[in-house]
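What you see below is based on every heavy atom in this structure, not just the backbone, and it leaves out hydrogens, waters and symmetry mates. Residue numbers start from 1 in every chain, and the chains themselves are labelled A, B, ... in the order their sequence lines are given, proteins ahead of strands.
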Number of protein chains: 2
Amino acid sequence: MMSKKVTITDVASTAGVSVATVSLVLSGKGRISQATSARVNQAIEQLGFVRNRQASSLRGGESGVIGLIVRDICEPFYAEMTAGLSEMFEAQGKVIFLLQSGATGKGLERCFDTLLTHGVDGIVIAGGIQHVNHSLREKAAAQGVPLICASRSGGSEGVDLVRPDNMQAAKIATEYLIRHGHKQIAYLGGLGSSLTRAERLGGFCATLLQYGLPFRSEWIIECDYHYGHAADAAESLLRRYPKISAIVCHKASVALGAYFGVLRTGNQVAGSSMDNLFQRQVALIGIEDSPELALTEPPLTSVSSSAREIGYAAARRLLLRIGGQNLETQDIIVNASIVERGSA
Amino acid sequence: MMSKKVTITDVASTAGVSVATVSLVLSGKGRISQATSARVNQAIEQLGFVRNRQASSLRGGESGVIGLIVRDICEPFYAEMTAGLSEMFEAQGKVIFLLQSGATGKGLERCFDTLLTHGVDGIVIAGGIQHVNHSLREKAAAQGVPLICASRSGGSEGVDLVRPDNMQAAKIATEYLIRHGHKQIAYLGGLGSSLTRAERLGGFCATLLQYGLPFRSEWIIECDYHYGHAADAAESLLRRYPKISAIVCHKASVALGAYFGVLRTGNQVAGSSMDNLFQRQVALIGIEDSPELALTEPPLTSVSSSAREIGYAAARRLLLRIGGQNLETQDIIVNASIVERGSA
DNA sequence: CTGAAAGCGCTAACAA
DNA sequence: TTGTTAGCGCTTTCAG
């Protein structure tokens, strides 16, 4: 079946050179003559040699492996971020270990140890960053493994943190509506306890005030992420305050719910292809993007720092640290940008 | 900063034993006395020793690493499957390399080589299995690395394939509706070219016939995955054939669209909390589950082989192969089951 | 029950 | 430009 795993030594002998030479052509370091290089490559081809990276990292330097601990890969935000990380690292010839921590700190610690044991060059922690405590950071430092966090909202110290700019996102959304002539704007969704919501709401209010628009607390509605609830909330809001012409939605699922809520009131979502003079148009804009938002008619505009972008930023930062730079820890805030789809 | 990476030798000397002994307590193999074992463990603790798995796999056997190549981690199906794989492997103390192949075969091959070079114990290919060709299989065999595919629908040979039972899922959905008294059942969604759809439709038809119900081709509607389109299709279908009392939806997004389509006709989705004698109730059941389906009111019932379950099955199979069993290649078909939520 | 010693496959000095 | 040689950190016979 499998014929004795071919090693660098085999390659060396069939190419008629020394192992060192083979190693050199493999890593492209020493200046090797075209002739030998070709001979070696041919031998490699012929024997079907595959280099053993475990052995090479054992001796020399980097393993070319990055550890990624994510709370739950099924959450679209983290999936997308993972895609971003993976893209960027693969471009550098690195590969990623994926571990799921689950919600508990215990899980995080276990994952962390596993990664260290496997000799990763660096670790990204995505989500659950509140569990990144001192002992964890110590451990990473002791092993000389750079550590970096990525998250949906703030709250860590002593570690680089990459996160979206919630405030700016809300600001952009609100500004966009105002620029399109809206003056009666509501904010829908999220629960009062959410830090992320606080940040977004801050951006919303600030922007209203900046443009001299009234800030009405009755137009700021809490609701959870269920479509049905968001739809109900949007419907009752619009029925009660018919003047409202636009809604900033706290997150993608809320925007989707609001979409159906608007339809229920007998009005149209702005940008609808079926113009109708008898129907009022309500503009909708979501914060956080999601592929689902493209599935409605009209598709829904949103503002977000793409999770993928956060992945890129985190990857870049980690690469810098792995590069040996001795950097201050810092928060890296990824800008939001608008995805225009027509609903605002 | 980092104090000279502590090795097994350091542990040995501070514990006053030989490296071999330390190795033995680490792997729990040789029968070591309680006393020395304790002494060693204490030294490990004290020094903050972390075992280097690269070194151990170099010498001995397995690396404890599984390679996973997935077409696109952002697709919820694959994300969920990945979660399943990761869970199962982590329970075995194994860790997974995650690579994204993208849609092209070229990507797959590159990923494959990367994994081999990193010395994985086995490889799972999820999606894009049509690119798993002979050369790939050869290469895996040559390295003695077991290979296994997981996918949403059939179509590979010479490799173990784990996949959902589309036909059975449709059968269960249809049967469920029939058992609940429905006789006028439509099938909505999917495009004619889809293999998956063909399988599901097969189950649908077979079940209707089995129960002596009429099979009406006008009640089988193609449409893509956009909510809006599914809603339109459902609406026009119901307006045209008011007798239809239930719809089997080809996939989650179609079910969601259909949900809103039903509402647009002025009818209710079955199970709605607001009973109203003047409204007809239309039952809805989806194939493939998705968290979104829980967000409507009433939440939508669906039938599916959970992607997670497929992940588990794939992991189990791969572990078997890694265990050295010499098995015939086989298709492993994961049963579908119903997630009752109220809409049917 | 424990220690000594020989590698696993590869890289990195140093020689040649 | 290439070969020699000494390890990387760990496991594993084989003796004690």
Visitor: We want to know whether B:T114 and B:T117 form a side-chain donor-acceptor pair, criterion being a heavy-atom distance below 3.5 angstrom.
Guide: no

Visitor: As a test of reading the structure: which of C:dG9, D:dT1, D:dT4 is closest to the side chain of A:T36, going by heavy atoms?
Guide: D:dT1

Visitor: Could you identify which residues of residues 44-52 of chain B place a heavy atom less than 4.0 Å from some atom of DNA chain D, listed by residue number, or say none?
Guide: B:F49, B:R51, B:N52

Visitor: Do you see a donor-acceptor pair shorter than 3.5 Å between the side chains of B:E309 and B:S305?
Guide: no

Visitor: Let me have the donor-acceptor pairs involving side chains of residues 34-42 of chain A, under 3.5 Å, with sequence neighbours excluded, atom names and distances please.
Guide:
residue, atom, partner, partner atom, Å
A:T36, OG1, A:S33, O, 3.1
A:T36, OG1, A:S33, OG, 2.7
A:R39, NH1, A:A15, O, 2.5

Visitor: If only side-chain N and O atoms of A:T9 are considered, is one of them under 4.0 Å from the OP1 or OP2 phosphate oxygen of C:dG9?
Guide: no

Visitor: For A:R53 and B:Q54, does a side-chain donor sit closer than 3.5 Å to a side-chain acceptor?
Guide: no

Visitor: A:I8 has a side chain; which of D:dT12, D:dT4, C:dT11 sits nearest to it?
Guide: C:dT11

Visitor: Taking the minimum atom-to-atom distance to the side chain of A:R59, which one of C:dG3, C:dT11, C:dA6 wins?
Guide: C:dT11

Visitor: Using a 4.0 Å heavy-atom cut-off across all strands, classify A:V22 as base, sugar-phosphate, or nothing.
Guide: nothing

Visitor: B:T7 side chain N/O closer than 4.0 Å to the phosphate oxygens (OP1, OP2) of D:dG9?
Guide: no

Visitor: On DNA chain D, check which nucleotide each of A:V19 and A:R39 is closest to and give me the residue with the more 5' one.
Guide: A:R39

Visitor: Contact class for A:S33 vs. all strands (heavy atom < 4.0 Å): base, sugar-phosphate, or nothing?
Guide: sugar-phosphate

Visitor: Indicate whether any N or O donor in one side chain lies under 3.5 Å from an N or O acceptor in the other, for B:D121 and B:S63.
Guide: yes

Visitor: Using the ring-ring contact (aromatic ring centres under 6.0 Å, His included) criterion, which residues pair with B:F77? Sequence neighbours excluded.
Guide: none

